[in-house]
Amino acid sequence: MKTELASKLRDYLKPETLKVLKEAADIADREQIALFLVGGIVRDLLLERSSLDIDIVIVGDALSVADRLASVLNTKVASRSKFGTAKMKYSWLTIDLVTARRETYSSPGALPTVYPGNIRDDLFRRDFTVNAMAVQLNAGKFGSLVDPYHGLDDLNKGLIRILHDRSFIDDSTRILRAIRYEQRLGFRIETKTSINLRKNISMIGTVSPDRIKHELMLFFEEPLPEKAFHRADKLGVLARIHPQFHGDAWLSKHFQKARRVFPGHCGLLYLCLLIYRFTNNENRELLRRFNFTRTETTAMTQTLSLKSEIASGFHAGMSPVEIHRRLKQFVPVAIYSNLAAAAPGKLKQDLELYLSKLSHIKTSITGDDIVAMGISPGPKVRKYLEIILEGRLSGSIRSRKDEELFIRKLAK
Ligand code: ATP
């Protein structure tokens, strides 16, 4: 396995990743401390999948290795913690360095108590066997796999398995993680793990809303998040988080539509669709419970206000000016969520017209230009700009010259 893994490291990792690993290993060799690559990157390497994060475990002082590594890579240690963990960025990579540790949980869902430990201890604190493997990087041992919990067997069998019976009790965010990995990798939650998971679903109540939200938002980073939502729904996990969260056929269909209509990363759009069937009150209650960012809050709230605006105020045959007037106060993601949820027809076309064309139309003239034409600064200038914009939207104004002529006419 050693030679095979060593060549996998060389063949599958990007040059930047290899550089980081080599520099880190050189520093560790000089200090005579053991250094390992762990977690997702090892799993992905064995599966021959790419991975964006580098997780390194050091049996010794990770902070001092982090300082030296940052200086060799000409980057900065972005954060460090009292548990001996450090984080830095290098090129597009995020690098985490941790001091090998043992963890114990005083009560379900609480943060663990941390002690220094060896690599075995460090792997034992992890969520699943497939994430509990390490590859040593020191010279002489480069490429040796450390796999005390038989992660490689489970990887070959396609199984997500916890390391011990209290795993979901200690930290029930692992329930969401199990579902996410299972669906991403096309694996199966192993039978005993699955029985244990079902038995401990109520433990989700012991975890802080912030941690639940964090894991849920990671669903949105998956290529097909609807699969994880569907599985979480079937297992009764989703309803534990919120009774109105549904990973049903509606959600799948609309997540797929979201990917078709939205040009960029769909994370926020998925969130808007997850709450699209909420009432305003349900949404307010959700916002109170979880610590959503300002951007998320605006997107969710505006999704629901646009939905009611569409139901009550939109009608067939609206002019471009009217479409613009009705939609301009909404953030684009709220419009995209309503577009993804809209049935084909005129309304859908209006939203598309706004997003693809009307929202990009601007006046050429600015407020300062209008003042320079002799209009006194004040509300009148804003009014004129609005009129000019509407002229552009309706097509009656087509050029800068038209705009200036129009202002002169208005000013007379
Ligand atoms: P991804 O591909 O989703 O980024 P990852 O395995 O790199 O997967 P991270 O969330 O970055 O996942 O975590 C890194 C490693 O830390 C995991 O592989 C796992 O070993 C461990 N880990 C993360 N969260 C937990 C947890 N809640 N309980 C136990 N171990 C965890």
Side-chain angles (χ1 to χ4, degrees), residues 12-13 17 36-58 62 79 81 83 85-89 92-105 108-114 117 119-135 145-152 154-155 160-187 193 196-197 200 203-204 206-208 210-225 227-228 267:
Y12 287 99
L13 298 181
T17 312
F36 302 86
L37 196 58
V38 288
I41 189 166
V42 176
R43 176 199 69 220
D44 289 340
L45 193 69
L46 291 162
L47 290 170
E48 299 174 5
R49 293 168 71 106
S50 63
S51 191
L52 290 181
D53 300 339
I54 301 182
D55 284 307
I56 289 174
V57 168
I58 290 150
S79 65
S81 82
F83 304 120
T85 70
K87 199 185 256 307
M88 69 186 79
K89 284 253 178 212
W92 42 271
L93 286 164
T94 304
I95 308 158
D96 277 294
L97 295 104
V98 311
T99 302
R101 66 194 202 221
R102 190 162 60 84
E103 288 180 345
T104 57
Y105 289 82
L111 287 178
T113 315
V114 173
I119 185 68
R120 232 187 131 91
D121 296 325
D122 197 277
L123 294 175
F124 190 65
R125 73 182 172 90
R126 290 170 188 272
D127 45 7
F128 311 113
T129 57
V130 294
N131 285 345
M133 290 182 274
V135 179
L145 183 70
V146 183
D147 182 18
Y149 311 109
H150 311 292
L152 187 58
D154 285 339
L155 205 68
I160 302 295
R161 186 197 305 267
I162 42 176
L163 275 77
H164 55 86
D165 287 350
R166 284 192 57 86
S167 187
F168 290 132
I169 301 172
D170 286 345
D171 177 357
S172 67
T173 62
R174 292 172 186 161
I175 292 178
L176 293 169
R177 297 177 65 85
I179 293 169
R180 187 159 57 83
Y181 290 121
E182 179 195 53
Q183 296 304 312
R184 181 203 302 172
L185 301 172
F187 280 21
T193 300
N196 188 307
L197 184 154
N200 287 307
M203 285 291 149
I204 288 196
T206 64
V207 177
S208 74
D210 274 357
R211 296 193 61 222
I212 296 280
K213 186 206 155 198
H214 175 75
E215 287 299 333
L216 203 63
M217 298 301 278
L218 287 178
F219 276 26
F220 295 139
E221 300 301 313
E222 295 296 316
L224 302 173
K227 289 173 70 182

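When a ligand or atom number is given, it counts from 1 through the structure's own listing order. What you see is a predicted model, and the numbers here were worked out from it, not measured in a lab.
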Any heavy-atom pair between the side chains of V38 and I119 that's under 4.5 Å?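 A side-chain contact under 4.5 Å exists here.
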I need the single residue from N131, D171, D127 that forms a side chain to side chain donor-acceptor pair (under 3.5 Å) with R177. Which is it?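 That would be D127.
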Pairs flagged by salt bridge (Lys or Arg N to Asp or Glu O under 4.0 Å) wherever residues 47-56 is involved - sequence neighbours left out: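 Checked against salt bridge (Lys or Arg N to Asp or Glu O under 4.0 Å) - neighbours excluded - the pairs reaching residues 47-56 are K8-E48.
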Electrostatic pair R180-E215, nearest N-O below 4.0 angstrom: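 Judged by the 4.0 Å cut-off on N to carboxylate O distance, R180 and E215 do form a salt bridge.
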N/O donor-acceptor pair under 3.5 Å between R125 side chain and D121 backbone: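 No, because the side chain of R125 does not come within donor-acceptor range (under 3.5 Å) of the backbone of D121.
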Y149 side chain vs M133 backbone, donor-acceptor pair below 3.5 Å: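 Checked: no pair found.
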Within the protein, flag every N or O under 3.5 Å from an N or O of ligand 1, and note the pair and distance.
residue: ligand 1; atom: 2 (O); partner: R43; partner atom: NH2; Å: 3.0
residue: ligand 1; atom: 2 (O); partner: R184; partner atom: NH1; Å: 2.9
residue: ligand 1; atom: 3 (O); partner: R180; partner atom: NH1; Å: 3.1
residue: ligand 1; atom: 3 (O); partner: R184; partner atom: NH2; Å: 2.7
residue: ligand 1; atom: 6 (O); partner: G40; partner atom: N; Å: 3.4
residue: ligand 1; atom: 6 (O); partner: R43; partner atom: NH1; Å: 3.0
residue: ligand 1; atom: 6 (O); partner: Y181; partner atom: OH; Å: 3.1
residue: ligand 1; atom: 8 (O); partner: Y181; partner atom: OH; Å: 3.1
residue: ligand 1; atom: 10 (O); partner: R177; partner atom: NH1; Å: 3.3
residue: ligand 1; atom: 10 (O); partner: R177; partner atom: NH2; Å: 3.2
residue: ligand 1; atom: 12 (O); partner: R177; partner atom: NH2; Å: 3.4
residue: ligand 1; atom: 12 (O); partner: Y181; partner atom: OH; Å: 3.1
residue: ligand 1; atom: 16 (O); partner: R126; partner atom: NH1; Å: 3.3
residue: ligand 1; atom: 18 (O); partner: G40; partner atom: N; Å: 3.3
residue: ligand 1; atom: 20 (O); partner: R126; partner atom: NH1; Å: 3.1
residue: ligand 1; atom: 20 (O); partner: N131; partner atom: O; Å: 3.1
residue: ligand 1; atom: 24 (N); partner: R177; partner atom: NE; Å: 3.4
residue: ligand 1; atom: 24 (N); partner: R177; partner atom: NH1; Å: 3.4
residue: ligand 1; atom: 24 (N); partner: R177; partner atom: NH2; Å: 3.3
residue: ligand 1; atom: 27 (N); partner: D171; partner atom: OD2; Å: 2.9
residue: ligand 1; atom: 28 (N); partner: R174; partner atom: NE; Å: 2.8
residue: ligand 1; atom: 28 (N); partner: R174; partner atom: NH2; Å: 3.3
residue: ligand 1; atom: 30 (N); partner: D127; partner atom: N; Å: 3.1

